[in-house]
Amino acid sequence: MLPRGLIGDIKPENWLGMIDALYAIILTLLLIELPTQILDVIKEYELHPNLHSIILNSLGLSLLGYASVFILVYDIWAHHRLIISNSVLGRVTLSLGIIILFLCSLLPPIYHVISQLKRDLLTREYTSIGAFSFIFWDARFALFLTIACTYGCIALIAAKDIRFLRLRGSKAESRMIVLKRLKSSSIAMVFVIVFVAILALRGHISPPTPLILIA
């Protein structure tokens, strides 16, 4: 990163606009693939009319999964804005913020890969379904890990700055309250994600139920 001598003091308003724009792009990338998914389902129905109910059920579940990822991205955006507005903006905070943006940008492509793999599982020959299921397991693991790491970064920023703001006493009381809530909610989300991921990857719940539960 450039030294402050070149770019001046880091201010929240300098970053909020960029954050809003990037999350808007992430949500757009999530939405832009939805018509393609619907068209793919229609094509699958034309090729396999005997799987009518299964394919329609898959479409409904895909829409629920899309809504769940949309809610998660929105929640991460809300957490990120509050972090930028109330934390102490330094190199560590901004570096973790960049990691949060990067991880969040991975959610649309990973979700689309999972959706495609799930549809392919419906029509794939049983002779190769074992290896294909393993790839499906890996993709879901990557999704859970990405979401958990995103909330983990938010909790780390909040925990770091709570200790720093305590030295300021009453002057930073309101900011500390916000950061404590962000820390608590982010840690809670990490535990929920890990618990749901264990159930999902062991086969106790099937997609998109895990995403729905997390959202």
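Just so you know, these numbers use all the heavy atoms, side chains as well, and skip hydrogens, waters and symmetry mates.
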Drop me the distance from Leu22's CG to Thr28's OG1, to the nearest 0.5 angstrom. 11.0 Å
Under a 4.5 Å cut-off applied to non-hydrogen side-chain atoms, are Pro108 and Ile26 in contact? yes
Checking Phe102 now: which residues fulfil ring-ring contact (aromatic ring centres under 6.0 Å, His included) with it, not counting sequence neighbours? none
So, the side chain of Tyr23 versus the backbone of Val73: is there a donor-acceptor pair under 3.5 Å, distance only? no
Min side-chain heavy-atom separation Leu107-Ile76 under 4.5 Å: yes
Where do Cys149 and Leu103 come nearest, in terms of heavy atoms and distance? CB-CD1, 3.7 Å
Heavy-atom side-chain proximity of Tyr74 to Leu27 below 4.5 angstrom: no
With the side chain counted from C-beta on, respond yes when Leu72 and Met189 share a heavy-atom pair under 4.5 Å apart, and no when they do not. yes
Indicate yes or no for a side-chain donor-acceptor contact from Ser185 to the backbone of Leu182 under 3.5 Å, with no hydrogens or angles considered. yes
Which salt bridge (charged side-chain N to carboxylate O under 4.0 Å, His left out) pairs, counting each pair once, include a residue from residues 189-208, with sequence neighbours left out? none
Which heavy atom of Val190 sits nearest a heavy atom of Ala148, and at what distance? CG2-O, 3.7 Å
Please assess Leu101 against His80 for the test side-chain contact (heavy atoms from CB on, under 4.5 Å), listing each intermediate value before the final yes or no. CA-CA 9 Å; Leu101 287 173; His80 203 167; 3.8 Å; yes
With the side chain counted from C-beta on, respond yes when Ile198 and His204 share a heavy-atom pair under 4.5 Å apart, and no when they do not. no
In residues 208-215, what donor-acceptor pairs under 3.5 Å come from side-chain atoms, sequence neighbours left out?
residue	atom	partner	partner atom	Å
Thr209	OG1	Ser206	O	3.1

More than 12 heavy atoms of other residues, nucleotides or ligands under 6.0 Å from CZ of Phe70: yes or no? no
From Leu201 atom CG to Phe141 atom CZ, the distance as rounded to the nearest 0.5 Å: 7.5 Å
Do Leu145 and Ile193 have side chains that get closer than 4.5 Å, going by heavy atoms? no
Using a side-chain heavy atom cutoff under 4.5 Å and only I, L, V, M, F, W and Y, what cluster partners does Phe191 have? Ile187
Show, in sequence, the C-alpha distance, side-chain angles and deciding distance for Leu179 and Ile83, and conclude whether the side-chain contact (heavy atoms from CB on, under 4.5 Å) test is met. CA-CA 7 Å; Leu179 291 174; Ile83 280 290; 4.1 Å; yes
Testing the basics here: between Ile32 and Leu29, what is the closest heavy-atom pair and its distance to 0.1 Å? CG2-O, 3.3 Å
Could you list all the salt bridge (charged side-chain N to carboxylate O under 4.0 Å, His left out) pairs where at least one residue sits in residues 60-87, not counting sequence neighbours? Asp20-Arg81
Would you compute the distance between atom OH of Tyr66 and atom CD1 of Ile71 and round it to the nearest 0.5 angstrom? 10.5 Å
Report the residues that fulfil ring-ring contact (aromatic ring centres under 6.0 Å, His included) with Tyr151, sequence neighbours left out, ordered by chain and then residue number. His79
Within this structure, what is the OG1-CD1 distance for the pair Thr93 and Ile98, rounded to the nearest 0.5 Å? 11.0 Å
Taking the side chain as every heavy atom from C-beta outward, state whether Val196 and Ile205 have any atom pair closer than 4.5 Å. yes
Are any non-hydrogen side-chain atoms of Asp161 and Asn86 less than 4.5 angstrom apart? no
Distance, nearest 0.5 Å, that separates CG of Leu96 from NZ of Lys160: 7.5 Å
